[in-house]
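Structure, as C-alpha cells:
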Amino acid sequence: MEQKLVIYNTITRKKETFEALHPPFAGIYVCGPTVYGDPHLGHARPAITFDVLFRYLDFLGYKVRYVRNITDVGHLENDADEGEDKIEKKARLEKIEPMEVVQYYTDRYHLFMDKLNVLKPSIEPRASGHIIEQLQLIDKIHEKGFAYEKNGSVYFDVEAYSRKNHYGKLSGRVLDDLYANTRDLDGQGEKKNSFDFALWKKASPEHIMRWPSRWSEGFPGWHLECSVMSTKYLGEVFDIHGGGMDLLFPHHECEIAQNVAAEGKESVRYWMHNNMITINGQKMGKSLGNFITLEELFTGSHKVLAKAYSPMTIRFFILQAHYRSTLDFSNEALSAAEKGFERLMDAYKNIEKIPVSDNSSLNLTDLRTKCFEALNDDLNTPILISHLFEAVRIINSSIAGNEKINKEGIDELKKLFGDFAFNVMGLVAEGSSSGNQILSDVIELMLNERLEAKKRKDFESSDRIRNKLTALGIEIKDTKDGFEWKLKN
RNA sequence: GGUCUCUUGGCCGAGUGGCUAGGCAGCGGUCUGCAAAACCGUGUACAGCGGUUCGACUCCGCUAGAGACCUCCA
C-alpha cells in the first residue's frame with residue numbers, strides 16, 4: 001500500500017496521515033464503559049468504531065496493542081465533584097457489594113460485545129487495579145505545583161496550569177469562557193475555582209470503596225485513571241486515543257492537563273472521537289432515559305422496537321454511517337439495514353454459483369483499490385460498503401449471465417469479502433440454516449413434496465405448502481431445477 | 001447565555017467547485033404456473049435568501065430550524 005491511512009485528529013481539527021510512533025507497533029487507548037448499567041446502543045458505537053480501527057491497523061500489518069479500560073471506581077453520580085459514586089449507588093440500591101455490581105455489568109458488557117463480534121482488546125485494565133499508580137500521578141502533579149489539597153481531597157489547579165498551558169485546547173475552550181459559563185453548583189466549596197477537578201476525594205463515612213493515601217482514606221477522581229492506564233501500557237507518548245464525543249470535555253481535556261502537568265508533554269498523538277447515536281434527533285443517553293439496551297434490541301423487548309434486530313444488523317447499521325456523523329435510530333433505518341445486510345451476505349454465499357468464464361469483463365483490482373481508499377480516508381465504512389454492493393451487483397449479474405468472470409475474478413471477489421466485510425468490518429454471516437438436522441430434513445421433505453406437486457401442475461397443493469412454510473418463517477426461493485430455503489430469524 | 005456542529009430525493013446515509021454514491025421503499029420491464037429472489041430501466045435531492053465564480057449542493061454572509069458540549073453520559 002503506497003497510500004496511507006488518514007485519520008481526523010480532533011485536537012488539530014484536521015485529517016492527518018497516520019504515522020505510528022514506533023512502527024510496526026501501534027498503540028490505541030479507548031475509554032471503555034463505567035460498569036453500573038446494562039450496555040446500550042450508545043456503547044456499541046465506540047466499541048465497533050474502534051474495533052474496526054483495531055482490525056484495520058492489524059490488517060495493514062501493524063502490531064497493535066489496544067487498551068480499553070473498565071471504569072469501576074471514581075465516576076461520580078453528578079459533578080462539581082460531589083455526589084455518590086455511580087457504582088456505589090447501584091450497589092446500595094440493590095443491597096450488594098460494589099464489586100458485585102462491577103463484576104455483573106462487566107460480564108454483561110463482554111457478553112454483548114461478543115455478540116457484536118467486537119474483538120477483545122489486548123489489555124482491559126480496571127481503575128480499581130491502578131490506585132497506586134494514580135496516587136503516584138497525583139504526587140507528581142502536586143510536586144509540580146498544579147494541585148492543592150483541601151480537607152483530605154486533592155484538586156487540580158486549572159488556573160495555575162493555564163498560566164503556561166492551554167486548558168481547553170482539545171475541546172476548543174478558553175478559560176475566560178469557563179469563568180463566565182461554568183454553572184454554579186453546590187458543593188464546590190473546597191475548590192478554588194468551579195472548573196477545578198478532583199484528583200483524590202476523601203471518602204465520606206458511608207462510602208465503601210476507599211483506599212488509604214497520605215491525603216486521606218478516599219478514592220481517585222474519574223479523569224485520573226485514563227491518564228495512568230494509557231501511559232502505563234502504551235508509553236508516555238502513544239499513538240491513538242479514542243472515545244465518544246461526549247467525553248471530549250471535561251474528561252479528555254482533563255486527561256491532557258494531567259499528563260502535561262506531570263510530564264510536561266502531551267501523551268496522545270491522534271485523538272479520535274465517534275459521534276452519538278440519536279433517537280428522534282436526540283442523543284441516546286442515561287440522563288434522558290431514552291436509551292435502548294443491546295439486550296432489548298436483540299430480543300425486541302423495548303416498546304419503541306417494531307421487532308428484534310440481530311447483532312449483525314446493529315453492527316451493519318452502525319457501519320453504514322461514518323463514525324463522526326450522528327446516526328439516528330429508527331425502525332425504518334434498522335430494517336433497511338437488516339435487508340441490505342442480508343443482500344450482502346446472500347451474494348457472498350452465491351459466489352459459488354457463478355459460472356466460470358475464460359475471460360473477464362470486469363476489472364476487480366480497481367474495486368479493491370477503491371475499498372482501501374475508502375478505509376484510508378478516515379475509516380469511511382459507508383463508502384466501503386457501497387463498493388461491496390458493487391461487488392454484489394457483479395456477483396448477481398454474473399449468475400444472471402449479464403457479466404462474464406473468470407476464475408481469478410471469482411477468487412478476487414471472495415477475497416474482497418473476506419478482507420473487507422469479514423476481516424476489517426467484522427461482519428459475520430448469521431445462521432440461516434436451522435442448526436437442527438431433523439428439522440432441516442423435514443423441511444426438505446416438505447419442499448420435495450411441493451416440487452412433485454409442481455411437476456404435476458398441482459399448484460394448489462404446491463402453493464399451500466409454500467404458504468404454510470412461509471408462515472412458519474421459512475423463506476423459499478425457487479430455482480431452475482429445485483429450491484432454496486432458509487429460516488428467517 | 002457561551003462554544004461548536006448539522007440541515008441532502010419517501011426513509012437512512014456518503015460525497016464533491018463542473019463528472020452515477022450506496023442501501024431500503026416505490027414505479028415499469030425480464031424471468032416464473034403464480035410468487036419470492038435476481039437482473040435491466042426509472043427519481044431535474046442537496047433548508048431559504050443574497051454574494052464570490054465561466055460554473056456552487058459543495059466557498060462566504062445573513063435568515064430559519066435541529067442538535068451537541070458547557071453537569072454524569074459512549
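Just so we're on the same page: letters track the sequence lines, and every chain starts at 1. Treat the numbers as computed from the prediction; the structure is a model and nothing was measured.
Contact annotation: A/R466 does not reach the phosphate of B/A36 (side-chain N/O to OP1 or OP2, under 4.0 Å). Phosphate proximity of B/C69 to A/K283: present, with a side-chain N or O under 4.0 Å from OP1 or OP2. Contact check, A/N396 against B/C39: a side-chain N or O comes under 4.0 Å of OP1 or OP2. Of the side-chain N and O atoms in A/S397, one or more sit less than 4.0 angstrom from OP1 or OP2 of B/C40. Of the side-chain N and O atoms in A/R343, one or more sit less than 4.0 angstrom from OP1 or OP2 of B/C24. Of the side-chain N and O atoms in A/S386, none sit less than 4.0 angstrom from OP1 or OP2 of B/G23. One finds no side-chain N or O of A/K454 lying less than 4.0 angstrom from the OP1 or OP2 phosphate oxygen of B/G33.
B/G1: Watson-Crick or G-U partner is B/C70, with both key distances under 3.5 Å. When both distances must be under 3.5 Å, the Watson-Crick or G-U wobble mate of B/A38 is B/U30. Summarising the base pairing, B/U20 is matched to no nucleotide, lacking a Watson-Crick or G-U wobble pair whose two defining distances lie under 3.5 Å. Across the strands present, B/C62 finds its partner in B/G48; the criterion is a Watson-Crick or G-U wobble pair with both atom distances under 3.5 angstrom.
Geometrically, A/R68 does not engage A/F50 in a cation-pi contact, judged by NZ or CZ lying under 6.0 Å from the ring centre and within 45° of the ring axis. Figure legend: cation-pi geometry between A/R173 and A/F249, with NZ or CZ positioned under 6.0 Å from the six-membered ring centre and within 45° of its axis.
If you take atom C1' in B/U16 and the same atom in B/U8, they sit 13 Å apart, rounded to whole Å. Here the separation of B/U52 from B/U58, taken at their C1' atoms, is 14 Å to the nearest Å. Across B/G18 and B/C12, the matching P atoms stand 26 Å from one another, rounded to whole Å. Comparing the P positions of B/U42 and B/A21 gives an interatomic distance of 13 Å, to the nearest angstrom. Look at the P atom in both B/G51 and B/C57: the space between them is 14 Å, to the nearest Å. Rounded to the nearest Å, the gap between the P atom of B/G65 and that of B/C27 is 37 Å. Using C1' as the reference atom, B/A68 and B/U30 are 50 Å apart when rounded to the nearest Å. Annotation: B/U63 and B/G26 have their P atoms spaced 43 Å apart (nearest Å).
Nearest-nucleotide positions on RNA chain B for A/M245 and A/D346 put A/D346 closer to the 5' end. The residue among A/N402 and A/E332 whose nearest nucleotide of RNA chain B is located toward the 5' end is A/E332.
With rounding to whole Å, A/E484 atom CD is found 17 Å from B/U32 atom P. The distance from atom CG of A/L319 to atom P of B/G23 is 17 Å, rounded to the nearest whole Å. One atom, CG of A/N467, and another, C1' of B/A36, lie 11 Å apart when rounded to the nearest Å. The CG-P distance, from A/D196 to B/U71, rounds to 13 Å in whole Å. Going from atom CG of A/L327 over to atom P of B/C6 covers 17 Å, rounded to whole Å. Between the CG atom of A/N331 and the P atom of B/G10 there is a distance of 21 Å, rounded to whole Å. Straight-line distance from the CG atom of A/N376 to the P atom of B/A14: 19 Å, rounded to whole Å. One interatomic measurement links the two molecules: CG of A/N290 to P of B/A68, which rounds to 9 Å at whole-angstrom precision.
A salt bridge does not link A/E342 with A/K339: every distance from a Lys NZ or Arg NE/NH1/NH2 to an Asp or Glu carboxylate oxygen is 4.0 Å or more.
No engagement by A/T470 is indicated, since no non-hydrogen atom pair under 4.0 Å with the nucleic acid exists. A/G244 comes within 4.0 angstrom of the backbone, heavy atoms only, and of no base. In this structure, A/S462 reaches the bases: a heavy-atom distance under 4.0 Å links it to at least one base atom across the strands shown. Within the nucleic acid shown, A/H273 has no heavy atom closer than 4.0 Å to any nucleic acid atom. No contact: A/N350 has no heavy atom under 4.0 Å from any strand.
The side chain of A/D328 lies closest to B/G13 when the candidates are B/G13, B/A38, B/G33. Checking B/C34, B/G67, B/A14 against the side-chain heavy atoms of A/Q282 singles out B/G67 as nearest. Among the nucleotides B/C12, B/G33, B/A74, the one closest to any side-chain atom of A/H43 is B/A74. The side chain of A/M276 approaches B/A74 more closely than any other nucleotide in the set B/A14, B/A74, B/G2. Ranking B/C12, B/C34, B/A74 by closeness to the A/P46 side chain, first place goes to B/A74. For A/L247, taking side-chain heavy atoms from C-beta onward, the closest of the listed nucleotides B/A74, B/G15, B/C70 is B/A74. With B/C12, B/C24, B/A21 as the choices, the nucleotide that has an atom nearest any side-chain atom of A/A336 turns out to be B/C24.
A donor-acceptor pair under 3.5 Å links the side-chain atoms of A/N69 to the main chain of A/G32, judged by distance alone.
A donor and an acceptor atom sit less than 3.5 Å apart, one in the side chain of A/D478 and one in the base of B/C34. Between the side chain of A/N275 and the base of B/A68 there is no donor-acceptor pair of N/O atoms closer than 3.5 Å. A/D463 contributes a side-chain N or O that forms a donor-acceptor pair with the base of B/G33 under 3.5 Å.
Using a 30° and 60° split on the angle between ring planes, A/F156 and A/F197 fall in the parallel class, below 30°. Between A/H40 and A/F291, the ring-plane angle classifies as tilted under the 30° and 60° cut-offs.
If you look at A/F422 and A/Y348, their ring centroids are closer than 6.0 Å.
The only option from A/K86, A/R126, A/E225 that meets the side-chain hydrogen bond (donor to acceptor under 3.5 Å, both in side chains) definition with A/T71 turns out to be A/E225.
In this structure, the separation between CG on A/D378 and NZ on A/K15 is 5.5 Å, given to the nearest 0.5 Å.
The aromatic ring of A/F389 is not stacked on the base of B/G22, since the criterion of ring centres less than 5.5 Å apart with planes inclined by under 30° is not met.
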